[in-house]
Amino acid sequence: MEKTYDFKKIERKWQKKWREELTFKIWEKSKKQKFYLLEMFPYPSGELHMGHMRNYAIGDTVARFLRMKGFNVLYPMGYDALGLPAENAAIEKKIHPSAWTNRCIKKMKEQQKKMGLSYDWERLVITADPEYYRWNQWIFLKFYEKGLAYRKKAPINWCPQCETVLANEQVVNGKCWRCEASAEVRSLEQWFFKLTDYAEELLQDLKKLKNWPERVKIMQENWIGRSYGTLVSFKLKGFDSSIPVFTTRPDTLYGATFLTFAPEHPTVLELIAGTEYEKRVREFINRVVIEDRFTRTGEDKEKEGMFIGRYAINPLNGEEIPIYVANFVLMEYGTGVIMAVPAHDQRDFEFAKKYNIPIRQVIVPTEGDLSKGEKLRQAYEGEGILVNSGQFDGVASPEASPKITQYLTKKGWGRKTVQYRLRDWLISRQRYWGTPIPIIYCDRCKIVPVPEDDLPVKLPTGVEFTGRGNPLAKSTAFVKCKCPKCGGPARRETDTMDTFVDSSWYFARYCSPHFKKLPFDKRKVKQWMPVDQYIGGIEHAILHLLYARFFTKALRDIDLYEIDEPFKRLLCQGMVIKDGAKMSKSKGNVVSVDEITQKYGADTARLFILFASPPEKDLEWSDEGVQGCYRFLNRVWSLVRETENNRSETSIKTFGQEERELRRITHSAIKKVTEDIELSLIHI
Ligand code: ANZ
Ligand code: ZN
């Protein structure tokens, strides 16, 4: 044995041995029990950062542990290679996104190999490979056939900096999740996936995910946002039509003193057409709609609105109530119209005060000043007894809701309903470096799907990256095509797919990464899926993890899967912190992975990561901690070396007292480590 702990030599030796002996290749015929272990694949941004390193150090430990426990472990790696940063690099550095991406992948793969991670590299999946994204296109066509992919004009979130549409999930506090520019609202023809078809199942199946962190499930539940309520139909005075409103408080119906439309509601324009209100209301609408909708509906945002000169009729008491437009009513929730009850809803209360609209109390609490007839100083949102409510006077408010709903239903004026906050998934991106949406537009045949045999629709090469608009739209070679139906001249769709499409099923591709007939081999998927343990950052609690669940259900419904949920267990590792802040380039507190592995070796780095903090907690980086781990490994090395010559080859029967003691300590250490890993990492 060497005198000193020469980690370079040691790590090189073992990495070579693993490579040559295909130590980590997966033998599918194995009779051992399967275990599918997966880390969220990285975006090839240039270099591994400590967050990656932590993710993989945890994963690799579990992989090696499970192999020792006798499992057949599928532990693959890949790259989420399409997306905006590569295109931005292309603009800045004048290099094609594909060249830039390949360069990044090469570098990161090298770093991962130096870390000694035990992936089966033969299963590598790269989403920018046309042999991968062709299956995004194939899936899109299946979704289109089933009505799960559709096109419509929609107000969308637009990032003026990235010049692209953002999904709701990609707008954080009114800002682009990537560049933090303020998002704007625009109206464009867009492609959507019908996420909402699965809202209820996505919600219900959260209960099956026993080994997911509670907070992730709560975030998804809130995002889906189910609420039970009633649709109430109000007649429009002077028109033949009526308008439905969504309310969770039908018990307050007698207290509705006005109706409020979202400014972008199309009916508003019909109602004001040709009236003296038209000009003023139009001006108001234009002003509010341009204002981004995130500040518009913020709690502290001034409630603003305008009477539109029309009246609606309350079905219960025949009362005529004025109609307003207001900034706090959202077009995309419920029906985009609300019955406003100022006495019992604080927003409506503030609005009514401001515009001098009557406030009529219809619920009184059973205790306190209000019960003695005190005047309302703010909305009373609690429970109580109904007053001013005709035949429902005296009924307790919780019972009044179903009663009034029943009555409305009987009369044909309303019905019970359920609403979800979840919206359909807007997948169109006006960008180059994504999967082209396989659709052709023909003047005669309208929307024509690209025939399956013509897949993949590949990204064209000779395009220019100027940073303005969509490069694909400027490539005539790409846009101009023949209509597959009538053979006439036609145009190709130039939108590409959100890259979250790519990551919604990549885990299934690892089961048969070279399969040519379908996105994946059903038999292999049956063998390996679901992922038994998924490891990744909490920042994906909604976006990626919800989309992947949706895809699994939708692909199940086109008979590709037999499972309902893709990830059995989920571990969300904490962040890596330095000097009190998340390690990030912008904060300038980054510790380079290369530097650490060169100075101390991969084993020291991995040991530090595992030792410094439990996996779900944040990890505070400490140079002394790293040095401490390094000294520890040195001590282990010396200890083994010093006792090297004392080791006897005899059997346990001839062990002396000291050897017995050593053997005992070794085994209790193995037991302890086993239990710790099982408890803190995999919960098996
Ligand atoms: C009348 C009412 C009276 C309401 C009352 C509340 C209290 P959740 O629980 O989040 O589903 N609402 C409905 N559609 C809306 C929209 N597009 N934009 C803004 N607000 C909208 O909220 C449901 C309640 O939010 C509904 O019940 C409606 O106001 C409002 F004392 O109707 B309520
Ligand atoms: Zn045609």
Side-chain angles (χ1 to χ4, degrees), residues 155 168 185 196 199-200 203 221-234 243-268 288-289 293-299 301 303-305 312 314-316 319 321 323-353 357-365 370 376 378-389 392 397-398 400-402 404-405 408 413-423:
N168 286 338
V185 176
T196 51
E200 188 59 33
L203 185 66
E221 190 179 324
N222 291 338
W223 189 263
I224 296 166
R226 181 178 65 189
S227 82
Y228 289 106
T230 305
L231 282 177
V232 186
S233 183
F234 284 74
I243 197 86
V245 309
F246 171 68
T247 177
T248 45
R249 296 289 307 273
D251 52 326
T252 64
L253 187 46
Y254 282 85
T257 52
F258 58 107
L259 222 60
T260 311
F261 278 75
E264 52 283 71
H265 199 297
T267 307
V268 175
V288 175
V289 171
R293 71 178 104 166
F294 314 98
T295 53
R296 196 175 112 193
T297 52
E299 288 252 334
K301 175 78 187 169
K303 315 279 173 287
E304 247 196 302
N314 186 332
L316 279 193
E319 190 181 4
I321 56 175
I323 301 180
Y324 282 73
V325 280
N327 60 350
F328 67 86
V329 182
L330 292 174
M331 186 61 214
E332 323 69 76
Y333 191 61
T335 63
V337 189
I338 66 165
M339 60 178 228
V341 184
H344 303 291
D345 181 292
Q346 188 57 26
R347 281 180 322 188
D348 300 347
F349 186 85
E350 287 166 28
F351 194 86
K353 279 276 181 212
I357 308 169
I359 297 171
R360 184 191 309 136
Q361 196 177 346
V362 292
I363 293 170
V364 286
L370 276 182
L376 285 173
Q378 57 183 40
Y380 174 67
E381 297 186 341
E383 295 180 357
I385 306 291
L386 265 63
V387 294
N388 298 324
S389 296
F392 300 99
S397 59
S401 281
I404 291 180
T405 304
L408 292 168
W413 297 334
R415 62 184 168 84
K416 235 167 85 169
T417 184
V418 53
Q419 287 292 325
Y420 301 89
R421 213 157 276 285
L422 189 70
R423 297 281 74 106

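What's counted below: heavy atoms across the whole structure, side chains too, no hydrogens, waters or symmetry copies. One-based numbering, in listed order, for ligands and for the atoms of each. Owing to the predicted nature of the structure, the values given are computational and were not obtained by experimental measurement. We count residues from 1, following the sequence as given.
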Any protein N or O within less than 3.5 Å of an N or O in ligand 1? List each pair with its distance, or say none.
residue: ligand 1; atom: 10 (O); partner: Arg421; partner atom: NH2; Å: 2.6
residue: ligand 1; atom: 11 (O); partner: Ser227; partner atom: OG; Å: 2.6
residue: ligand 1; atom: 11 (O); partner: Tyr333; partner atom: OH; Å: 2.5
residue: ligand 1; atom: 17 (N); partner: Leu330; partner atom: O; Å: 2.7
residue: ligand 1; atom: 17 (N); partner: Tyr333; partner atom: O; Å: 2.9
residue: ligand 1; atom: 18 (N); partner: Leu330; partner atom: N; Å: 2.9
residue: ligand 1; atom: 20 (N); partner: Arg347; partner atom: NH2; Å: 3.3
residue: ligand 1; atom: 27 (O); partner: Thr247; partner atom: OG1; Å: 3.4
residue: ligand 1; atom: 27 (O); partner: Thr248; partner atom: N; Å: 3.1
residue: ligand 1; atom: 27 (O); partner: Thr248; partner atom: OG1; Å: 3.3
residue: ligand 1; atom: 32 (O); partner: Thr247; partner atom: OG1; Å: 2.7

Please name all residues satisfying salt bridge (Lys or Arg N to Asp or Glu O under 4.0 Å) with Glu221, sequence neighbours left out, ordered by chain then number. none
side-chain contact (heavy atoms from CB on, under 4.5 Å) against Pro398, all qualifying residues, sequence neighbours excluded: Glu383, Ala396
With no hydrogens and no angle check, is any side-chain donor or acceptor of [X] less than 3.5 Å from a backbone partner on [Y]?
{"X": "His344", "Y": "Ile363", "answer": "yes"}
{"X": "Gln346", "Y": "Ala379", "answer": "yes"}
{"X": "Asn327", "Y": "Val288", "answer": "no"}

Sequence neighbours excluded, every pair satisfying side chain to side chain donor-acceptor pair (under 3.5 Å) that has a member inside residues 244-256: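 Pairs touching residues 244-256 that pass the test: Arg249-Asp251, Asp251-Ser401.
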